[in-house]
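FYI, side chains are in, hydrogens and waters are out, and symmetry mates aren't considered; it's all heavy atoms of this structure. Chain letters run A, B, ... following the sequence lines, proteins first, then strands; residues in each count from 1.
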Protein chains: 2
Amino acid sequence: MDPLEASRCCSPLDEQLDAQLFRALGDPTRLQLLGCLAKCGRACSVTELSACCQVDFSVVSRHLAQLARAGVLTVSKQGRTVYYEVRYREVATAFRALARSLDQCRPKQRGTSCGC
Amino acid sequence: MDPLEASRCCSPLDEQLDAQLFRALGDPTRLQLLGCLAKCGRACSVTELSACCQVDFSVVSRHLAQLARAGVLTVSKQGRTVYYEVRYREVATAFRALARSLDQCRPKQRGTSCGC
DNA sequence: GCTAAATTTGCATGGTGGTGCAAGTATACA
DNA sequence: TGTATACTTGCACCACCATGCAAATTTAGC
């Protein structure tokens, strides 16, 4: 199969290769915040999280909002405090689904590429 | 646990949240190339792949090199033709490992966050 | 209502990255 | 040896983005 033909052929990959998601994860500061939040294991406020990295408070606020927009975090407001939490289940599921789709595309021994 | 403490506490996540990888996947053109290449299921030349997107040939060359640098593709030269192929197994493994690490951080019912 | 705390939102800035064109490099073929 | 093919690299340009500061917004507590 030609790559040009392959590009016109549908696969779950087309939706799973989400540029917005990967773009959100492609910044060191955002990854630091995500790692911090993930290892913490609970919902954290912007103030708490800003203690984890050296950038300005407003920058942290923007980064967290972006991660939430990408579907990596959830937001919940409690009084004047905003809590962010990792969407563990959803993110893990998305990555596993992507891995599965890649496996299905992978040509097995004498197999015929993905069945799309 | 405070997020600041959590940031100082080691986890497989620290290595799995690789900014270079996600950055490489964070561009629509690169994702198009990757999807095309993945669905194709075989090694493709730069010329073949440049037929899949509308950008200049040199841009495709650069994008493929970047994906290779990030560990997503492998390169192999045959004569004057350069073939790129998806590292199916490695990429899928990396994503599954990341999903697993996230799961381990996730607080179970009345559990105590990740055991790091 | 007033003040303080928590967060968001302009605004300006510096840097990085994606893109196209042209030139350069490497290899096959006659 | 010379020419064509496949690809890479230098260069310039433009857009977007991460950052910091300051002002604005929202909400709690007195």
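- Interface remark: the B:Arg23 side chain does not form any donor-acceptor pair with the C:dG17 base, using a distance-only criterion of under 3.5 Å.
- Summarising the geometry of A:Tyr88 relative to B:Pro107, their closest heavy-atom pair is CE1-CD, 3.9 Å, with the distance given to 0.1 Å.
- Here D:dT8 presents its P atom at 13 Å from CG of B:Leu67, a figure rounded to the nearest Å.
- Not one side-chain nitrogen or oxygen of A:Ser58 sits closer than 4.0 Å to the OP1 or OP2 atom of D:dC21.
- A:Arg30 and A:Gln66 share a side-chain donor-acceptor pair at under 3.5 Å.
- C:dA5 atom C1' lies 15 Å from atom CD of A:Glu48, rounded to whole Å.
- Remark on DNA chain D: of its neighbouring residues A:Asp56 and A:Gly79, the 5'-side contact belongs to A:Asp56, judged by nearest-heavy-atom nucleotide.
- In the set C:dA6, D:dT27, C:dT9, the nucleotide with an atom closest to the side chain of A:Ser61 is C:dT9.
- At a threshold of 4.0 angstrom between heavy atoms, the contacts of B:Tyr84 are confined to the sugar-phosphate backbone, with no base atom among them.
- Between the CZ atom of A:Arg80 and the P atom of D:dT27 there is a distance of 11 Å, given to the nearest Å.
- Per the geometry, CG belonging to B:Leu64 stands 13 Å off P belonging to D:dT9, to the nearest Å.
- When distances are taken from the side chain of B:Arg62 to each of D:dT9, C:dT7, D:dA6, the shortest belongs to D:dT9.
- Neither A:Leu31 nor B:Leu4 shares a network with the other; the hydrophobic side chains, linked directly or stepwise wherever heavy atoms of I, L, V, M, F, W or Y lie under 4.5 Å apart, form separate groups for each.
- Between A:Ser45 and C:dA6, a side-chain N or O to OP1/OP2 separation shorter than 4.0 Å is absent.
- Residue B:Leu31 contributes atom CG, which lies 17 Å from atom P of C:dG17 at whole-angstrom precision.
- Side-chain contact between A:Arg89 and A:Thr93 is present, with at least one heavy-atom pair separated by less than 4.5 Å.
- In the set D:dG20, C:dG20, D:dA6, D:dG20 carries the atom at the smallest distance from any side-chain atom of A:Val59.
- Nucleotides of DNA chain D nearest to A:Val55 and B:Thr81 differ in position, and the one nearer the 5' end is that of B:Thr81.
- Remark: P of C:dG18 and CZ of A:Phe22 are 15 Å apart, rounded to the nearest angstrom.
- For A:Leu25 and D:dA18, the CG to P distance is 12 Å, given to the nearest whole Å.
- Atom OH in B:Tyr83 sits about 13 Å away from atom C1' in D:dC7, given to the nearest Å.
- Closest to the side chain of B:Lys77, from the set D:dA18, C:dA26, C:dA6, is C:dA26.
- Between A:Arg30 and D:dA18 there is a side-chain N or O to OP1 or OP2 distance below 4.0 Å.
- In summary, A:Glu48 and A:Arg42 engage in a salt bridge, as defined by a charged side-chain N under 4.0 Å from a carboxylate O.
- Side-chain N/O atoms of A:Gln16 and A:Ser101 include a donor and acceptor closer than 3.5 Å.
- Of the two residues near DNA chain C, A:Val82 and B:Phe57, the one whose nearest nucleotide lies more 5' is A:Val82.
- Side-chain N/O atoms of B:Gln66 include one lying less than 4.0 angstrom from OP1 or OP2 on C:dG18.
- Contact check, B:His63 against C:dG17: no side-chain N or O comes under 4.0 Å of OP1 or OP2.
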